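Following: one structure in structure tokens, then a few remarks.
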Protein chains: 2
Amino acid sequence: MRRTDVLTLAILGTLAEKPLHGYEIRKRLGASLGPFRALSYGSLYPALKRMVTEGLITVDDQGPDPSTNRRSRIAYRLTDAGTTQLAEELASSGASSWDDDAFDVRFAMFDKTDSATRLRILEGRRGRLSERLEEISQGLKAMRERHDRYTAELQRHGLERVEREVEWLDQLIENERSATRGKDDPASAG
Amino acid sequence: MRRTDVLTLAILGTLAEKPLHGYEIRKRLGASLGPFRALSYGSLYPALKRMVTEGLITVDDQGPDPSTNRRSRIAYRLTDAGTTQLAEELASSGASSWDDDAFDVRFAMFDKTDSATRLRILEGRRGRLSERLEEISQGLKAMRERHDRYTAELQRHGLERVEREVEWLDQLIENERSATRGKDDPASAG
DNA sequence: TGCCAGTTATATCGCGCCGATACATCGAGC
DNA sequence: GCTCGATGTATCGGCGCGATATAACTGGCA
């Protein structure tokens with residue numbers, strides 16, 4: 001069973017709106033995920049090739065225009081299989097939806113995701129962070145005697161960062177729940 | 001010119017205190033860097049091998065004890081070259097000290113680092129984050145029209161996270177400066 | 001006494017993804 | 001006409017992760 005990796009998902013999601021060429025895919029992804037977390041061409045182009053062979057996307061490439069002798073831009077387009085795959089992924093909400101490397105990609109596609117799935121993913125992520133919180137607290141308690149000031153400070157800051165994200169998630173979960181409570185079909189048009 | 005990667009540096013630093021075997025190195029690194037950010041054995045053992053061939057560390061391995069027939073644990077020990085290399089790295093404060101993947105490792109070794117270098121690294125990191133802040137703000141301004149609620153929220157949260165780290169750094173920088181101002185040899189005893 | 005599970009311990013393999021690099025075209029400013 | 005930066009496609013080397021294999025020791029429990 002072929003698990004869709006984050007990169008593939010990100011590309012499928014970007015291509016859902018309309019066909020694009022590689023450079024543009026990267027730009028959009030960079031814009032929605034932030035300046036860091038931008039995927040490199042060293043991942044993008046091989047991934048696109050792979051996705052073509054897997055039948056998820058097709059290529060519009062007319063070759064160099066004989067009149068201008070200029071290479072036409074390659075436009076990638078979702079196939080039916082790609083669309084199906086994307087839909088399946090967007091409906092899934094397993095651990096691969098809230099892992100560190102996957103969560104923000106999934107989150108960036110929340111407007112393509114139904115409310116129930118959104119909620120499950122947010123809660124899953126929150127659960128993961130709770131474990132983390134526990135681990136860090138354990139570590140902080142266990143170290144006590146040894147460990148210099150800076151190592152301790154690093155831990156403390158890490159702990160705070162995770163706590164912040166939990167607060168953020170709690171807020172989002174609350175929003176999601178109240179939206180669901182409000183009406184059966186929450187803001188599908190909004 | 002062979003640039004010391006983060007992993008090598010982390011191992012050198014861990015071995016500085018006393019000779020250890022692989023498993024213990026990983027445990028200590030996990031403890032000082034946090035439950036996430038723990039390096040895998042798939043990186044550790046190859047790195048140790050490489051470092052042996054590079055002459056940075058040596059191996060104490062007596063082979064299986066004939067009486068118990070039990071494999072003795074392999075203890076890795078810094079060579080003079082390794083000690084020198086570590087000292088050089090600890091005195092350096094270039095971009096490779098404040099990159100995302102390197103900063104926390106360098107920070108965890110701050111008690112082995114002199115105050116002036118600590119300050120340069122903290123300021124370097126702060127500079128890097130300032131750029132980031134600028135990029136994100138640019139992005140947020142540029143998107144405005146397009147972009148759904150969730151993408152915007154992701155950006156906002158990312159921005160906040162970076163702002164938090166900047167505050168944290170400012171505090172650390174302030175401490176470092178006041179310690180330096182206070183006396184020439186700042187709190188070497190803690 | 002015997003068994004099972006968890007921890008300690010070393011090691012390899014596949015591979016995803018990044019950073020560097022190369023090459024080519026285009027538009028804007030000088 | 002020239003240079004510079006953005007657009008655009010593509011490959012290569014390699015780092016480090018996750019999964020996996022192996023094996024001895026340790027503690028709990030029956």
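This structure is a prediction, so every number in the text was calculated from the model and none was measured.
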For this session: Identify, with sequence neighbours excluded, every residue that meets ring pair (Phe, Tyr, Trp, His ring centres under 6.0 Å) alongside A:Phe110.
Result: A:Phe107, B:Tyr150

Exercise. Between B:Glu165 and B:Arg125, is the closest basic N to carboxylate O distance under 4.0 Å?
Worked result: yes

Exercise. What is the distance, rounded to the nearest whole Å, between atom CG of A:Leu48 and atom P of D:dA10?
Worked result: 9 Å

For this session: For A:Tyr23 and C:dC26, give me the distance from atom OH to atom P, rounded to whole Å.
Result: 15 Å

Exercise. Can you list the residues that meet the ring pair (Phe, Tyr, Trp, His ring centres under 6.0 Å) rule with B:Trp98, with sequence neighbours excluded?
Worked result: none

Exercise. To the nearest Å, how far apart are B:Leu44 CG and D:dT20 P?
Worked result: 20 Å

Problem set entry | Euclidean distance, atom CG of residue A:Leu9 to atom P of C:dC17 [Å, nearest integer] | 11 Å

Exercise. Whole Å only: how far is the CG atom of A:Asp101 from the P atom of D:dC17?
Worked result: 12 Å

Exercise. Do you see a donor-acceptor pair shorter than 3.5 Å between the side chains of B:Asp148 and B:Thr151?
Worked result: yes

Exercise. To the nearest angstrom, how far is A:Leu33 atom CG from C:dC18 atom C1'?
Worked result: 16 Å

For this session: Using side chain to side chain donor-acceptor pair (under 3.5 Å) as the criterion, list what pairs up with B:Thr79, not counting sequence neighbours.
Result: none

Exercise. For A:Arg156, what residues pass the side chain to side chain donor-acceptor pair (under 3.5 Å) criterion, not counting sequence neighbours?
Worked result: A:Glu153, A:Glu160

Seminar exercise, completed: Closest to the side chain of A:Ser40, out of D:dG16, C:dC18, C:dC17, is C:dC18

Exercise. Between atom CE in B:Met51 and atom P in C:dT10, what is the gap in whole Å?
Worked result: 15 Å

Exercise. Within this structure, what is the CD1-to-P distance between A:Ile25 and D:dG8, rounded to whole angstrom?
Worked result: 12 Å

For this session: Ignoring the backbone of B:Leu39, work out which of D:dA10, D:dA6, D:dC17 is nearest its side chain.
Result: D:dC17

Could I get a table of every N or O pair under 3.5 Å where one atom is in the protein and the other is in nucleotides 12-14 of chain C?
{"unit_1": "C:dT12", "atom_1": "OP1", "unit_2": "B:Lys49", "atom_2": "NZ", "d": "3.0"}
{"unit_1": "C:dT12", "atom_1": "OP2", "unit_2": "B:Lys49", "atom_2": "NZ", "d": "3.3"}

For this session: Ignoring the backbone of B:Tyr76, work out which of C:dT7, C:dA11, D:dC17 is nearest its side chain.
Result: C:dA11

Problem set entry | B:Lys27 side-chain proximity, nearest of D:dG8, C:dT8, C:dC17 | C:dT8

Problem set entry | With sequence neighbours excluded, residues passing side chain to side chain donor-acceptor pair (under 3.5 Å) with B:Arg132 | B:Asp100

